[in-house]
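Note that this is a predicted model, so its numbers are computed, not measured. Along the sequence shown, residues are numbered consecutively beginning with 1. We count ligands from 1, going down the list as the structure has it; atoms in each ligand are counted the same way.
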Amino acid sequence: MKTHQERMARKKEVIDARIAKATEERGVLILLKGNGKGKSSSAFGTMARAVGHGQRAAVVQFSKGRLETGEFKLFKDHPQIDWYVMGHGFTWETQDKERDIEAAEQAWAKAEQLLQDEQYDILIFDEMSYMFKYKYLELAPVLTALQARPEKQNVMITGRVMPEGLEEIADTISSIRDERHAFRLGVKAQEGIEY
Ligand code: ATP
Ligand code: MG
């Protein structure tokens with residue numbers, strides 16, 4: 001039987017070989033999807049990581065919740081972060097499709113501008129996937145802009161269901177599965193956890 005030390009040495013060899021192979025230096029497109037809790041908070045956590053290293057970040061939120069999130073309150077005035085909330089509320093609240101489309105187009109215009117701006121190291125397009133689901137935005141121009149962005153720019157997109165075209169061009173895709181949620185146990189949404 002192999003000793004612990006032998007197994008660890010073998011593991012290190014495998015990992016070192018993988019590290020030696022990963023030599024490309026470029027920005028990545030990360031998709032955070034699935035029905036489980038943790039997509040937006042993971043994106044904002046990664047943004048905090050980047051900003052901590054002195055990087056510049058921007059957020060475009062594609063659906064304005066009723067409540068301001070803790071992340072928005074914490075980050076909106078940060079000198080390295082620009083935060084745009086563009087929307088007129090959740091669809092099922094406004095029930096005004098024209099207004100929603102207009103808001104989506106405005107948000108996309110801002111996102112497109114950020115995708116051409118080399119001074120941003122990381123961009124978060126929060127809840128963007130719904131724009132395609134509800135057909136508020138066309139996918140093709142979004143794919144084109146993502147592919148033409150500055151080489152070192154990282155982009156994270158969140159939303160429960162991602163369109164296929166977006167998955168095709170993504171570098172990292174994490175799917176967060178809903179195994180259980182306190183809401184279904186009757187626990188009320190709470191500040192600091194849900195928003
Ligand atoms: P978070 O913002 O906590 O990271 P998320 O971005 O993964 O969550 P969304 O689909 O954007 O989740 O939903 C936003 C809100 O709904 C959050 O308040 C979140 O806590 C809550 N939520 C997320 N998943 C579930 C679920 N499976 N059941 C009930 N509520 C959920
Ligand atoms: Mg979210």
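- With respect to atom 2 (O) of ligand 1, the closest heavy atom belonging to the protein is Ser40 CB, 3.5 Å.
- The shortest side-chain heavy-atom distance between Leu143 and Leu166 falls under the 4.5 Å cut-off.
- Considering only residues two or more places apart in sequence or on other chains, Glu167 meets the side-chain contact (heavy atoms from CB on, under 4.5 Å) condition with Leu31, Lys33, Met162, Ile173.
- The shortest N or O to N or O distance between Gly38 and ligand 1 is below 3.5 Å.
- Contact analysis leaves Thr158 out of contact with ligand 1, as no non-hydrogen atom separation drops below 4.0 angstrom.
- Listed by number with element, the atoms of ligand 1 under 4.0 angstrom from any heavy atom of Gly36 are 7 (O), 24 (N).
- Closest heavy-atom approach to atom 11 (O) of ligand 1 among the candidates His181, Glu127, Lys33: Glu127.
- Protein heavy atoms come within 4.0 Å of atom 7 (O) of ligand 1.
- Of the possible polar contacts, one joining the Gln80 side chain to the Gln55 backbone as a donor-acceptor pair under 3.5 Å is found.
- For Tyr134 (side chain) and Ile101 (main-chain N/O), no donor-acceptor pair under 3.5 Å exists by modelled atom type.
- Considering each of Arg160, Glu71, Lys39, the one bringing a non-hydrogen atom nearest atom 23 (C) of ligand 1 is Arg160.
- At under 3.5 Å, a nitrogen or oxygen of Ser41, whether backbone or side chain, sits near a nitrogen or oxygen of ligand 1.
- Here 2 is the count of protein N, O or S atoms positioned under 2.8 Å from the Mg ion (ligand 2), waters not counted.
- Between the side chain of Ser129 and the backbone N or O of Val161, at least one donor-acceptor pair lies under 3.5 Å.
- A parallel orientation is assigned to the rings of Trp83 and Phe75, their planes being inclined by less than 30° (bins at 30° and 60°).
- Put simply, the side chain of Asn154 does not reach to within 4.5 Å of the side chain of Met156, judged on heavy atoms.
- Nearest non-hydrogen protein atom to atom 27 (N) of ligand 1 is Asn35 O, 3.1 Å.
- Partner Asp178 forms a salt bridge (charged side-chain N to carboxylate O under 4.0 Å, His left out) with one of Arg184, Arg160, Lys37 and no other, that one being Arg184.
- Atom 18 (O) of ligand 1 has Glu194 O, 2.6 Å as its closest protein atom, hydrogens excluded (heavy atom only).
- Contacts of Thr69 with ligand 1, taken as heavy-atom pairs under 4.0 Å, are absent altogether.
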Check the pair Arg99 / Glu102 against salt bridge (charged side-chain N to carboxylate O under 4.0 Å, His left out), numbers first and verdict last. CA-CA 5 Å; Arg99 251 178 65 164; Glu102 198 188 300; over 6 Å; no

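- Tested against Arg56, the residues Val51, Asp82, Ile122 include a single side-chain contact (heavy atoms from CB on, under 4.5 Å) partner, Asp82.
- The closest donor-acceptor contact from the side chain of Arg149 to the backbone of Leu146 lies under 3.5 Å.
- Shown here, atom 25 (C) of ligand 1 is in close reach of the protein: a heavy atom of it lies under 4.0 Å off.
- Protein heavy atom at the shortest distance from atom 3 (O) of ligand 1 is Lys37 NZ, 2.4 Å.
- Annotation for ligand 1: atoms under 4.0 Å from non-hydrogen atoms of Asp178 are 27 (N).
- With Gln153 contributing its side chain and Asp117 its backbone, the two residues share a donor-acceptor pair below 3.5 Å.
- Contact check for Tyr136 versus Lys97: side-chain heavy atoms found under the 4.5 Å cut-off.
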